[in-house]
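Sequence lines set the chain letters: A, B, ... in the order given, protein chains first and strands last, and positions in each chain run from 1. Everything numeric here is computed off the predicted structure, so don't read it as measured data. Side chains included, hydrogens not; waters and symmetry mates left out as well; all remaining heavy atoms used.
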2 protein chains.
Amino acid sequence: MIVDPKSEERLDRAFMALADPIRRRIIARLSRGSATVNELAEPFEISKQAVSKHIQVLEQAGLVTRTRDAQRRPVHLNAVELERMTSWIDRYRLIHEQQFRSLDAVLGAMGASDAAAPPSVDTIKEKEQ
Amino acid sequence: MIVDPKSEERLDRAFMALADPIRRRIIARLSRGSATVNELAEPFEISKQAVSKHIQVLEQAGLVTRTRDAQRRPVHLNAVELERMTSWIDRYRLIHEQQFRSLDAVLGAMGASDAAAPPSVDTIKEKEQ
DNA sequence: TGCTTGATCAACCACTTGATTGATTAAAGA
DNA sequence: TCTTTAATCAATCAAGTGGTTGATCAAGCA
């Protein structure tokens with residue numbers, strides 16, 4: 001499986017960027033439309049410089065882009081990067097779900113008739129797979 | 001809008017947890033089945049203590065759970081928390097997409113763009129770091 | 001030309017993170 | 001019992017993060 005090192009680092013930054021509640025609120029705000037740094041800083045009690053840094057973090061993660069409008073620097077959401085994050089997560093969610101299903105089938109075929117859906121995983125010793 | 005503070009913190013930890021490539025590889029491994037700390041540490045060149053810490057981070061984020069099997073502490077993926085992460089992201093992806101669509105409709109009806117910051121890709125200038 | 005506004009740069013500080021090594025707990029096996 | 005195995009705890013360290021204040025840049029406007 002070939003893994004693009006740049007894609008690794010981009011994921012690092014994207015997840016790190018969303019690990020902060022202020023940055024998540026910024027993303028939430030931007031989902032409703034672009035905004036300037038001042039507008040984005042307004043609801044928060046921290047300095048505008050701090051908000052500016054948060055936006056830089058989001059920008060380097062590829063989650064937002066910035067344009068220029070005179071002395072304003074409007075910030076726009078980049079939904080493509082959000083999509084990359086969900087792709088990563090969903091990939092392993094799917095694998096896990098399928099693994100879970102086939103394990104369930106094995107247990108069912110072995111004669112243990114309970115076949116409980118909830119995770120009775122704690123008794124499982126993984127040797128197959 | 002009521003926001004459960006614990007849910008905020010849980011998201012903080014979940015996103016932070018996935019911001020590390022080693023922890024993402026651990027999640028990827030666990031999607032294929034549960035494993036012990038030693039098994040999880042095997043592909044990495046860092047110490048087992050370090051891997052143990054990574055697993056603690058994942059556990060406190062709710063992304064994995066641990067059980068006991070004699071002196072082993074098998075680690076299991078908790079897909080529910082992964083689902084919470086995609087839910088958060090997809091929520092704002094959806095809002096953004098709808099916002100985008102309605103803006104598109106407005107622009108189409110007007111024929112000109114004087115709305116606040118239309119995020120058209122062709123006007124984007126810089127992408128420096 | 002100056003002045004104001006929007007935003008960033010720079011230096012600094014407290015705190016956290018990721019890693020290390022060495023010691024320790026806990027259960028199995030001889 | 002003594003030894004091995006699985007894993008964590010404890011102390012420490014370098015590097016990174018999130019915040020501050022003060023200075024600076026860049027574009028309109030009087």
Could you run down nucleotides 18-24 of chain C 5' to 3' and tag each one B, S or - for protein heavy-atom contact under 4.0 Å? SBBBB--
Could you write nucleotides 24-30 of chain D as a row of B, S and -, 5' to 3', where a protein heavy atom under 4.0 Å of any base atom gives B, of only sugar-phosphate atoms gives S, and otherwise -? ---SS--
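Side chain of B:N78 to backbone of B:T65: no donor-acceptor contact under 3.5 angstrom is found. No donor-acceptor pair closer than 3.5 Å links the side chain of A:R72 to the backbone N or O of A:R68.
Contact check, B:N38 against D:dT5: no side-chain N or O comes under 4.0 Å of OP1 or OP2. A close approach under 4.0 Å does occur between a side-chain nitrogen or oxygen of B:R66 and OP1 or OP2 of D:dT8.
Between B:Q60 atom CD and D:dT8 atom P the separation is 12 Å, expressed in whole Å. Between B:L40 atom CG and D:dA7 atom C1' the separation is 12 Å, expressed in whole Å. One can place CD1 of A:I55 at 15 Å from C1' of C:dC9, the figure rounded to the nearest angstrom. Rounded to whole Å, the distance from CG on B:D12 to P on D:dT17 is 16 Å. Here C:dA7 presents its P atom at 8 Å from CD of A:E39, a figure rounded to the nearest Å. In this structure, the CD atom of B:Q56 is 12 Å from the P atom of C:dT17, given to the nearest Å. Note: CG (B:L58) to P (C:dT17) measures 14 Å, nearest angstrom.
In this model, a donor atom of one side chain and an acceptor atom of the other lie less than 3.5 Å apart for B:S34 and B:H76.
What you find for B:R84 and B:L11 is that their closest heavy atoms are O-CD2, 4.5 Å.
Scanning for side chain to side chain donor-acceptor pair (under 3.5 Å) contacts around B:Q99 gives an empty result, with sequence neighbours left out. In this structure A:R93 satisfies the side chain to side chain contact (heavy atoms under 4.5 Å, CB included) test together with A:I89, A:D90, B:L82, B:E83, B:T86, sequence neighbours excluded.
Contacts classified as salt bridge (charged side-chain N to carboxylate O under 4.0 Å, His left out) and involving residues 14-24 of chain A (residues at least two apart or in different chains) are given here: A:R24-B:E8, A:R24-B:D12. Applying the salt bridge (charged side-chain N to carboxylate O under 4.0 Å, His left out) rule to pairs touching residues 35-58 of chain A yields nothing, sequence neighbours excluded.
B:M16 and A:Y92 are assigned to two separate hydrophobic clusters, defined by single-linkage of ILVMFWY side chains at heavy-atom distances under 4.5 Å.
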